[in-house]
Amino acid sequence: MYDTHCISRGQWRLLHEWFEREARDLPWRTRRTPYRVWISEAMLQQTRVETVIPYYKRFLKALPSLDALSRAEEDTLLQLWSGLGYYSRARNLGKAARVIREEHGGRFPSDPAVVRRLPGFGPYTTAAVLSLSRGVDLAVLDGNVIRVLCRLFDLDEDVSQGSVQRALQALADRSLWHGRAGLCNESLMELGALVCTPSNPVCEVCPLSAGCLSRKAGRQSELPRKKKKAPRPFYRQAVLLLLNGQGGILLRRRPARGMLGGLWELPSLRGEALERRHLPSPEKDLALQLLASVFSGSPPKKDPEFIGTLKHEYSHFGLRLESWKLEIARSVVRESGPNERWVQQEELDEVGMSASDRKILADALQAR
DNA sequence: AAGTCGGGGAT
DNA sequence: ATCCCAGACTT
């Protein structure tokens, strides 16, 4: 499709020179072992560098080696991941580490086909880890590279189309300077992150501006072209802080797969969809239903106390979280099953939880 | 090809 | 309020 286009050696030289001069000093750029690069790439999927840095440091400190990762409990991984989102990434890290320990002698494989089959390794992560840590000649295609390529060659097809993705991957493959794959990949992504940004690209300082076709046409800011996403539905959801009078809060564990899989959460109940994102103040009905479900039909006589609302947006739907508090007497405290536990407030940091529940708890306990 | 899966920062 | 981010997996 774009077979006439290719990044020239001269352009690579300009870009590499720029990278040597301007590259950020990031924790995963020192000592590029496959393990260290892998953890960074897993965390960086759909996540900004600034967000990742503290998580990365904490993770490497807790689990400094592939062997340590392969022996870590899933709860430990979810705790280290708590707040980062896309928790299947954390679960897949453990799975892949165990496969490497059991089937590859604990050494990170070098064969791209083998790596690609590991849980959590798609085309991007396979190419990134192997090129950056082992110098394997594989070209990455991520959001940054897509943007830079579309602008550099003034490509205005819809990049969400599979055919266009394949053509861009082929262009990246063809452009790769063999023997310098890691540097090519990283400099291209760094350019996308620092200069060729989604809005307001800084073309004045771009090492590739002289040959940039979209800039010549004056439409670099309109690229890459992609179709708009569908509007997301919006629901109300009641959330319950059930306190046992001794500093304990009831948490439940979510199913191992799916949304927020394996994480602990406050008991909650999804309500009906909202037409508008603004609605009159929450009513107690949903909270009472929730309470009934928690106590399986015979809730305490006392009514829960309203704490507040919090809006939370996920990638494909939004929530208005309506949180309620109820302190129950010791005689009323229900037994907790295997997927439930009473957690002391001081222990909350040691539990893998979603960002929204952590915020609700922080707000509620702060106010006490 | 389309939907699922988090969360936060920039605009 | 919308978009975007060093994407992968399921259907």
Rounding to an integer number of angstrom, what distance separates [N] and [M] when you compare their [atom1] atoms?
N	M	atom1	result
C:dC3	B:dG3	P	16 Å
C:dA6	B:dC5	P	23 Å
C:dA8	B:dG8	P	22 Å

Just the rounded figure in Å: distance from [atom2] of [N] to [atom1] of [X].
X	N	atom1	atom2	value
A:L118	C:dC9	CG	C1'	15 Å
A:R320	C:dA1	CZ	P	13 Å
A:R166	B:dA1	CZ	C1'	10 Å
A:K228	B:dA2	NZ	P	17 Å
A:R232	B:dG3	CZ	P	14 Å
A:R147	C:dC4	CZ	P	9 Å
A:L44	C:dA8	CG	C1'	15 Å
A:F234	C:dA1	CZ	C1'	12 Å

What one-letter contact string describes nucleotides 4-11 of chain B from 5' to 3', where B marks a base within less than 4.0 Å of any protein heavy atom, S marks contact via sugar-phosphate atoms alone, and - marks no contact?
SBBBBB-S
Do [X] and [Y] get their side chains close enough for a donor-acceptor pair, meaning under 3.5 Å?
X	Y	result
A:D75	A:Q79	no
A:Q45	A:T125	yes
A:S214	A:R151	no

May I ask you to evaluate whether A:K227 reaches the phosphate of B:dA2, defined as a side-chain N or O under 4.0 Å from OP1 or OP2?
yes
Strictly under 6.0 Å, is that where the ring centroids of A:Y56 and A:W28 end up?
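So the answer is yes for these two rings.
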Under 6.0 Å between ring centres: does that hold for A:Y86 and A:W81?
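No - the distance between ring centres of A:Y86 and A:W81 does not fall below the 6.0 Å cut-off.
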Have a look at [X] and say if it touches a base, only the backbone sugar-phosphate, or nothing, with a 4.0 Å heavy-atom cut-off.
X	answer
A:T125	sugar-phosphate
A:R24	base
A:R91	nothing

Salt bridge or not for A:R320 and A:E322, using N-O below 4.0 Å?
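Between A:E322 and A:R320 there is a salt bridge, with a charged N closer than 4.0 Å to a carboxylate O.
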Could you list all the ring pair (Phe, Tyr, Trp, His ring centres under 6.0 Å) pairs where at least one residue sits in residues 179-227 of chain A, not counting sequence neighbours?
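Every pair satisfying ring pair (Phe, Tyr, Trp, His ring centres under 6.0 Å) with a residue in residues 179-227 of chain A: there are none.
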Is there a residue in residues 28-36 of chain A whose heavy atoms reach under 4.0 Å of DNA chain C, and which residues are they?
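When residues 28-36 of chain A is checked for heavy atoms under 4.0 Å from DNA chain C, the hits, listed by number, are A:W28, A:R29.
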Does [X] make a cation-pi contact with [Y], if we ask for NZ or CZ under 6.0 Å from the ring centre and within 45° of the axis?
X	Y	result
A:R341	A:W264	yes
A:R232	A:F317	no
A:R180	A:W177	yes

Could you say whether A:R116 or A:V49 is positioned toward the 5' end of DNA chain C, judged by the nucleotide with the nearest heavy atom to each?
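In this pair, the answer is A:V49.
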